[in-house]
Amino acid sequence: MDFKSIAKRIENEIQSTVEREGVELLGVELVTEGGRKILRVYIDSEIGISLKDCERVSKAIDPILERTDIIEGRYFLEVSSPGIERPLFKKKDYDRFAGEKIKITTCSPIEGRKNFTGKIKLTKEDSVLIETNEGEFEISFDNINKAKLIPKEFEEMPQKRRKGKRE
C-alpha cells in the first residue's frame, strides 16, 4: 500500500475522534524525511490551534493508531496547525482558497512535468484548474501528491531571500 493510501485510511480511522476533541481534521500525510517515517496530522479551528490542542489530539488518536497498526514499522507522529503554507487536502480546501496561489506536486507527470505553481481558477468535482505562467492545467485530485498555499508575503519576496540566502 502506498503512503497516500495509508494516509487516507488513517484519516478515516481518526476523523470522528479528532472532531470529538473540538477541532477539524484538515488532512493526514505520511512522508519520509531524513530516513524517518513521519505521520503528520493537520488540525484547525475557527479560533486557531494551540499547542495544548495538538497535545490533546495526539493523545486521543495515539491509541487508535496503535490498535489499527496501519503503518508498518516505526514512525513519528506530528499533530499541528496548517501553518502559513497551508496544505490543501480536500475539494473544499481548493474551493475555499479559489484565486489564491498554490504549489502542486503531482504523482504522475502532466505534459512532462510534476510541479505546478499558479492560481486556483476553479474546482470541478474531481479536479482543479490552475492558471500558471505557462497556461492553464487541469489536475485530477487523485493525481495530486501534495498541494500547499503560497502566502502573499512569499510571493512578493525575491526567490533568493525566500530560501534564506542573502542577495
(Q) For the residue pair Arg36 and Phe76, would you count it as a cation-pi contact if the rule is NZ or CZ under 6.0 angstrom from the ring centre and within 45 degrees of the ring axis? (A)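 Yes - Arg36 lies over the ring of Phe76, closer than 6.0 Å to its centre and within 45° of its axis.
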
Heavy-atom side-chain contact between [X] and [Y] under 4.5 Å:
X: Lys4; Y: Arg9; value: no
X: Leu30; Y: Ile71; value: yes
X: Arg113; Y: Phe137; value: yes
X: Leu25; Y: Tyr42; value: no
X: Ile6; Y: Val28; value: no
X: Val41; Y: Ile14; value: yes
X: Ser45; Y: Glu24; value: no

Say you draw a straight line from [atom1] of [X] to [atom2] of [Y]; how long is it, rounded to the nearest 0.5 Å?
X: Ile139; Y: Ile110; atom1: CD1; atom2: CD1; value: 4.5 Å
X: Tyr94; Y: Ile130; atom1: OH; atom2: CD1; value: 9.5 Å
X: Lys103; Y: Ile150; atom1: NZ; atom2: CD1; value: 7.5 Å

Q. Are Phe3 and Leu65 connected in a single hydrophobic cluster, I mean Ile/Leu/Val/Met/Phe/Trp/Tyr linked by side-chain heavy atoms less than 4.5 Å apart?
A.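 Yes, one cluster joins them.
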
Q: For the pair Asp44 and Val23, evaluate side-chain contact (heavy atoms from CB on, under 4.5 Å) and give the outcome as yes or no after the intermediate values.
A: CA-CA 6 Å; Asp44 204 2; Val23 296; over 6 Å; no

Q) Has Lys91 got more than 12 heavy atoms of other residues, nucleotides or ligands less than 6.0 Å from its NZ? A)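 It does: Lys91 NZ has more than 12 such atoms within range.
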
(Q) With a 6.0 Å cut-off (strictly less than), is the heavy-atom count around CD of Glu111, excluding the residue itself, greater than 12? (A)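 Open: at most 12 neighbouring heavy atoms sit under 6.0 Å from CD of Glu111.
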
Q: Report yes or no: do Thr105 and Asn115 form a side-chain donor-acceptor pair below 3.5 Å?
A: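 Their side chains do contain a donor-acceptor pair, which is all the 3.5 Å distance test asks for.
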
Q) Cut-off 3.5 Å, side chains only: do Glu78 and Ser80 have a donor facing an acceptor? A)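 On atom types as modelled, these side chains do not qualify, holding no pair under 3.5 Å.
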
Q) What residue pairs, at least two apart or across chains, pass side-chain hydrogen bond (donor to acceptor under 3.5 Å, both in side chains) with a residue in residues 51-75? A)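 Residue pairs passing side-chain hydrogen bond (donor to acceptor under 3.5 Å, both in side chains), neighbours aside: Glu21-Arg56, Ser50-Asp53, Asp53-Arg56.
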
Q: For salt bridge (Lys or Arg N to Asp or Glu O under 4.0 Å), just list the numbers for Lys101 and Glu131, CA-CA rounded to whole Å, side-chain angles, deciding distance to a tenth of an Å, and then say yes or no.
A: CA-CA 9 Å; Lys101 195 167 185 182; Glu131 187 173 3; over 6 Å; no

Q | Asn143 (side chain) donor-acceptor with Cys107 (main chain) under 3.5 angstrom | A |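 Side chain of Asn143 to backbone of Cys107, a donor-acceptor pair under 3.5 Å: yes, one is there.
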
**Q.** Flag, side chain of Lys146 to backbone of Leu88, donor-acceptor distance under 3.5 Å
**A.**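 It does not hold such a pair.
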
Q) Given Arg40 and Glu33, is the salt bridge (Lys or Arg N to Asp or Glu O under 4.0 Å) satisfied, shown in steps? A) CA-CA 12 Å; Arg40 289 198 177 108; Glu33 290 178 2; 2.9 Å; yes

**Q.** Glu136 and Lys121 ion-paired at < 4.0 Å
**A.**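 Lys121 and Glu136: salt-bridged.
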
Q: Take Glu11 and Lys90 through the test salt bridge (Lys or Arg N to Asp or Glu O under 4.0 Å) and record every step on the way to the result.
A: CA-CA 12 Å; Glu11 186 175 323; Lys90 301 169 185 148; 3.5 Å; yes

